[in-house]
2 protein chains.
Amino acid sequence: MATRTDAPTRREQILKEAARLFAERGFHGVGVDEIGAAVGISGPGLYRHFPGKDAMLAELLVGISDSLLTGAKLRLAEADGAAGSRAGAGATGPEAVLDSLIEGHIDFALDDRPLITLHDRELDRLRDADRKMVRQLQRQYVELWVGVLREVYPALAEPAARSAVHSVFGLLNSTPHLGRPGSVPGRAVTASLLHRMARGAFAAVGEA
Amino acid sequence: MATRTDAPTRREQILKEAARLFAERGFHGVGVDEIGAAVGISGPGLYRHFPGKDAMLAELLVGISDSLLTGAKLRLAEADGAAGSRAGAGATGPEAVLDSLIEGHIDFALDDRPLITLHDRELDRLRDADRKMVRQLQRQYVELWVGVLREVYPALAEPAARSAVHSVFGLLNSTPHLGRPGSVPGRAVTASLLHRMARGAFAAVGEA
DNA sequence: CCCTCAGGTTAACGACCGCTAACCTCCCTG
DNA sequence: CAGGGAGGTTAGCGGTCGTTAACCTGAGGG
């Protein structure tokens with residue numbers, strides 16, 4: 001239900017270009033005229049689709065957080081379902097779930113670089129209500145990771161696990177700094193490298 | 001020569017407060033009046049100390065990059081000197097140098113959170129000349145890490161090493177997201193956790 | 001065939017922001 | 001004890017930005 005093959009609507013075009021511009025030059029560094037120009041209309045025409053500039057940022061940030069959380073919940077349910085149907089675990093232990101979470105986050109970071117940049121950079125520019133909602137989604141996402149991580153490493157205390165998760169997010173979200181896409185190695189190689197580093201980082205703090 | 005115990009000058013106050021404000025609300029999100037108010041003078045009084053708002057950001061970013069690079073060079077020279085004087089390595093192998101680099105970066109990230117935030121967030125707001133200089137310093141810093149890392153893990157190819165270094169920077173620079181100082185664990189605990197995770201991440205990609 | 005309405009346009013307003021101008025006031029020094 | 005510079009102040013200018021107002025146009029439906 002999240003896959004789309006038909007042409008993008010004007011709204012979607014605007015959101016995509018706005019995300020790119022906000023990531024490049026910051027929320028306050030981009031004017032509405034530029035966003036309009038990026039989709040071929042000019043300035044105030046945007047107000048037929050959004051009540052204001054703030055609303056575009058809000059929709060982007062809520063969308064990102066929600067999408068990350070939804071994806072993670074889906075992966076978690078998948079693993080539980082598989083474990084239940086086989087009535088005895090096996091290939092779908094907590095380790096496999098953790099790998100699945102990491103893989104999902106990497107996919108997102110590699111495929112939607114502007115969004116991942118905005119995600120931890122422009123949160124404070126939101127109206128209180130929106131910011132609260134984004135923070136709540138983010139917190140749920142983190143807690144989901146923390147739960148899985150502590151299943152893999154039961155000796156890990158909760159505060160340490162939470163710090164570790166935040167730090168690994170920092171690692172995975174570093175992709176925008178890895179040179180523009182095309183340079184350095186291919187996507188699969190980068191994904192594999194990030195995955196191994198994330199597991200290594202977790203292992204170093206979990207197997208104390 | 002880098003340690004100071006006397007009272008901070010007005011210039012230094014301004015830079016410190018500007019760094020905090022820029023990190024909190026973004027370069028374009030802070031007005032000169034606010035920066036002035038934060039140090040007890042008002043608005044245009046800042047122009048007795050800086051030629052403009054841009055100049056404050058430039059001095060901050062160049063200062064950070066230079067300070068990181070200088071510190072790293074110092075640690076590298078220290079290790080080489082010690083190894084040379086003992087004429088036979090021992091406790092000061094490449095591993096010790098890598099640990100020293102990690103420790104230095106963590107100290108910086110924990111003690112100067114606003115600066116580390118600005119460092120990879122507001123670079124694009126600089127004038128071309130300044131941005132070029134900052135990028136050069138950053139590149140040197142990265143290459144220094146890459147060199148040390150490949151001494152520890154000789155099997156590691158250069159592009160992979162560079163990606164790994166960038167990713168570990170992302171991990172170490174995640175400290176601003178670990179809740180405000182005072183919450184969660186103490187400084188030493190956090191530093192130790194970050195250090196182990198960084199080593200773990202490197203090991204996972206170096207011992208392929 | 002008109003009427004509506006979605007989706008544009010340009011003009012313009014008000015607020016804000018970086019910066020300059022003009023002026024003031026200590027404090028230090030010859 | 002002049003005088004000058006360092007370091008402030010307030011007023012205000014010019015430009016930019018988000019937003020609104022007023023108007024236009026082409027496609028679909030009764």
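Naming: A, B, ... by sequence-line order, numbering from 1 per chain.
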So does A/Arg187 have more than 12 non-hydrogen atoms from other groups sitting under 6.0 Å from CZ? yes

Closest to the [X] side chain: [options]?
X	options	result
A/Lys53	D/dT19, D/dT9, C/dG8	D/dT19
A/Ile41	D/dT10, C/dG8, D/dT19	C/dG8
A/Ser42	C/dG8, C/dT9, D/dT10	C/dT9
A/Tyr47	D/dG18, D/dG8, C/dG8	D/dG18
A/Pro44	C/dT20, D/dT20, C/dT9	D/dT20

Do B/Phe108 and B/Asn173 have side-chain heavy atoms sitting under 4.5 Å apart? no

Contact between B/Leu15 and B/Phe50 at the side-chain level, heavy atoms closer than 4.5 Å - yes or no? yes

[X] has an atom [atom1]; how far is it from atom [atom2] of [N], in whole Å?
X	N	atom1	atom2	answer
B/Arg48	C/dC24	CZ	P	14 Å
B/Leu46	C/dC17	CG	P	14 Å
B/Ile35	C/dC16	CD1	P	18 Å
B/Phe22	C/dC17	CZ	C1'	13 Å
A/Phe27	D/dC17	CZ	P	13 Å
A/Gln13	C/dG7	CD	P	12 Å
A/Met56	D/dC17	CE	C1'	13 Å
B/Asp33	C/dA15	CG	C1'	14 Å

Is the distance from OP1 or OP2 of C/dG8 to the nearest side-chain N or O of A/His49 less than 4.0 Å? yes

Between B/Gly43 and A/Gly31, just flag the one whose closest nucleotide in DNA chain D comes earlier from the 5' side. B/Gly43

Is the Lys NZ or Arg CZ of B/Lys53 less than 6.0 Å from the centre of B/Phe22's six-membered ring, within 45° of the axis? no

Hydrogens and angles aside, do A/Arg196 and A/Ser192 bring a side-chain donor and acceptor to less than 3.5 Å of each other? yes

Have a look at A/Val30 and say if it touches a base, only the backbone sugar-phosphate, or nothing, with a 4.0 Å heavy-atom cut-off. sugar-phosphate

